[in-house]
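Everything below concerns the one structure shown next.
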Amino acid sequence: MVNSNKPQKNEQISKSSEQDEKWQIIPDNLPYEDGFSGRIIWAAFFVGLIMLPGSIYLELVTGKSFAGAAEWVTIIMFIEISKRLFIKLKPQEAIILYWLAAGLAATGLGASGLSAGSSVHGAPFAKMIWFQYLIQSPQADGLAQLLPQWVAPERGSESLITRTLFSIEWLEPILLAVLVSILGLVNTLSLGYLLFRITADTERLPFPLAPVQAAGAIALAESSAGEETWRWRLFTIGAMIGLAWGILYVVVPTVSGVVLTKAVEVFPIPFADFTPRFRDVLPASPIGIGTDIATLLVGFVLPFWIVVGTFISSFIITFIANPTLYHFGFLYSWSPGMSTIPTSINNTIDFWLSFSSIGVSLVIGLIGLIAFFRTLLRKPGRSGGAKRVVKPPSGRGDFKISIPILLWVLSTLCFILLVYYLEPMFPIWISAIFGFVWTPFFSYIGARMIGLTGSPYGSSFPYAREGSFYLSGYKGVAIWFAPVPLFDHSGVVATFRQLELTRTRFPSLVKLYILSLVLLIVFSFLFYALIWKLAPIPSSAYPFVEKMWPLQATMETIWIKSTMPGGSDVIGRLIHWDYISAGMGVTFALYGILSFLKAPPLLFYGLVAGLSTGAWIHYTLPTFVGAMLGRFYFGRRFGQKRWRAYAPIILAGYGCGLGLIGMAAVSLVLIAKSTSQIMF
């Protein structure tokens, strides 16, 4: 009897293991391979020549770019080419294609300051387009003549009047932008790799959103061999959802803006704003609902307790805290009739910047550092001990740890010396603190939050750069445009994790970044020069920047003028030490209470994420609905393990479908604009 039952039991175990393997998001049997090949080089030229100009134009017009669309469009196009050539695209090549398109299509428009961090993945010449506007704007009256030559040509120069980058007057800014981009690439890759080794190898954080791109790349790679697996079927379902929604959400407003005098929005973009309607019931509270389905689909993927915690705290802030703070006079800048954005800005300045963005962020950083050192100090034989990171996985292509450390130190020193060369009046020790202390500290906080929650909630320290300039006693304007090494390199950690999931060797990413940077410097220069020549930026031809850049210029020049003789006292209004202390106290108390109650650890990080001023109810509510549907409906219908495999691929397919339809719409607009320029 006993012997006769053993085969049945073994057979059941075997079937169970087969089912578990079937519904794995990422197969475990993939070997590590190099994802960089000749096809990647051809794809890079395709993205640079076709995707980049569309991305630049789309961001100028709508504030969106192809940064979330070009990836899937590029992969699909090369998969179709591979099918006709009877070539199978490897998962490693698919994920490298994804990050190739992501890096080249991200334009980095609208940001102020010459940041190296944004120049790595964005177009370095986007900054010049911003600077040419800033120097000519009315907001810059009184300081434009003080700007150094390495920022932009002086106001009234021939190159600004004729709107051309092909001028000797732009030579110094161009050379500086290229140098900063190269140093930024080295700094990002080196520190990003070190942070990956800490958060992924040592702390074993889950990185909940990393499987989205990885699973999508594997699904598409499987389709290139003619295999219609369950991953491909789910990817196409998500793509159809993205296509259908994109027609209403992207195509109608984009194309109608060309045909009609005013764009038609079927749904308000990016959210429906109800703040003015609730001004009497909920004063000083941003109220609205996000209109992009992606906010709901993300709830399928994020850890459940992260979503619950974020929703709870954002709900409390929106419906209880903000009205109460307004009643007692803490949110004194708000006035009835304000919409979501002005309400949020004023609330941030009055209270939440000090309480949440500074006080809460400091506690998150301390908790993260304590957790990291506790992990390192565990006994090697215990679970979670330091023994796990002595040797990285074989075949992953890891680097000798001393090499990225040396490269990061050298590149940071170069930034510090470059800032001193450009503006010797600024204290060099501040640049050193930013480069060697601030950047790794807050990059680690961001990387740890990405590893836990999928997003860098609470990892930023707003106005740190501005506050340090103001408090240093520096007088002048040049430092506001210098590449001070205040960066956040947490995003590249998730990229390394996706490479690991798809079994892609890490040297592939280094080769990709070098190629992308070279092509980006060339193509971004050409296309920004061309688009600027078509019409002034900003102007009615580019409605998004025409609306948003004057506001950004106002905020930027307020800070810049604060370091001029007789400048305004900005810092005194922004920083409130009692609010910072309160934020730290509340966060510590919350951490202690939840630890005592043995609540899920991710619930704490979700609550902290909701404390962030960016966690509006507009987005946390749809994400919460998605999490509830995923856990209590789809999870029960398909099984929790199977649904956890389904959700990331559906989300990846949605991004692909939305990107395809968005690309088609913008192509029509570019053709229409180009023909109108030729005819008239």
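If you're wondering where the values come from, they're calculated on a predicted model, not measured in any experiment. Only heavy atoms go into these numbers, but all of them, side chains included; no hydrogens, no water, no symmetry mates. Quick note: residue numbers are just sequence positions, from 1.
Proximity of a side-chain donor or acceptor of Glu423 to a complementary backbone N or O of Tyr420 within less than 3.5 Å is not detected. Side-chain atoms of Thr439 come within 3.5 Å of backbone N or O of Pro485 as a donor-acceptor pair. With hydrogens and angles disregarded, no donor-acceptor distance shorter than 3.5 Å links the side chain of Asn187 to the backbone of Leu183. Between the side chain of Ser516 and the backbone N or O of Ala44 there is no donor-acceptor pair closer than 3.5 Å. In this structure a side-chain-to-backbone donor-acceptor pair under 3.5 Å is present from Trp170 to Thr164. Remark: the backbone N or O of Thr340 is not paired with any side-chain donor or acceptor of Ser344 at under 3.5 angstrom. Without hydrogens or angle criteria, Tyr193 side chain to Phe399 main chain gives a donor-acceptor distance under 3.5 Å. Judged by distance alone, the side chain of Gln139 and the main-chain N or O of Pro550 form a donor-acceptor pair under 3.5 Å. Using modelled atom types, no side-chain atom of Ser157 and backbone atom of Pro153 make a donor-acceptor pair closer than 3.5 Å. Ser411 places a side-chain N or O within 3.5 Å of a backbone atom of Trp408 that can act as its donor or acceptor partner.
Using the six-membered ring where Trp is involved, Phe351 and Phe330 have ring planes that are perpendicular, over 60° apart on the 30 and 60° scheme. Aromatic ring orientation, Trp616 versus His618: tilted (interplanar angle from 30° to 60°). Ring-plane geometry between Phe487 and His489 is classed as tilted, the angle between the planes lying from 30 to 60 degrees on a 0 to 90 degree scale.
Contact record, Ser354 with Tyr579: CB-CB, 3.6 Å, taken as the closest heavy-atom pair. Residue Ser333 comes nearest to Asn346 through the heavy atom pair CB-OD1, 3.2 Å, listed as atom of the first residue, atom of the second, then distance.
More than 12 heavy-atom neighbours from other residues, nucleotides or ligands sit within 6.0 angstrom of CD on Glu169.
Side-chain contact between Leu331 and Thr343: absent, with no pair of heavy atoms (C-beta onward) separated by less than 4.5 Å. Side-chain contact between Asp141 and Thr557 is absent, with no heavy atoms from C-beta onward closer than 4.5 Å.
Classification of Arg497 and Asp201 as a salt-bridged pair fails, no side-chain N sitting under 4.0 Å from a carboxylate O.
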Please test Leu191 against Leu407 for side-chain contact (heavy atoms from CB on, under 4.5 Å), starting from the C-alpha separation and ending with a verdict. CA-CA 9 Å; Leu191 184 57; Leu407 290 174; over 6 Å; no
Run the numbers on Phe441 and Trp438 for ring-ring contact (aromatic ring centres under 6.0 Å, His included), then give the verdict. CA-CA 5 Å; Phe441 179 71; Trp438 194 283; 7.7 Å; no
Does the pair Leu517 and Ser181 meet the rule for a side-chain contact (heavy atoms from CB on, under 4.5 Å), with working shown? CA-CA 8 Å; Leu517 181 61; Ser181 298; 3.7 Å; yes
side-chain contact (heavy atoms from CB on, under 4.5 Å) between Thr199 and Ile450: does it pass, once the steps are laid out? CA-CA 10 Å; Thr199 55; Ile450 290 173; over 6 Å; no
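Put simply, OG1 on Thr563 and CZ on Phe426 are 10.0 Å apart, with the number rounded to the nearest 0.5 Å. Once rounded to the nearest 0.5 Å, the distance linking CD of Gln149 with CG of Leu171 reads 9.5 Å.
Screening Phe525, Tyr528, Trp130 against Phe125 for a ring-ring contact (aromatic ring centres under 6.0 Å, His included) leaves a single residue, Phe525.
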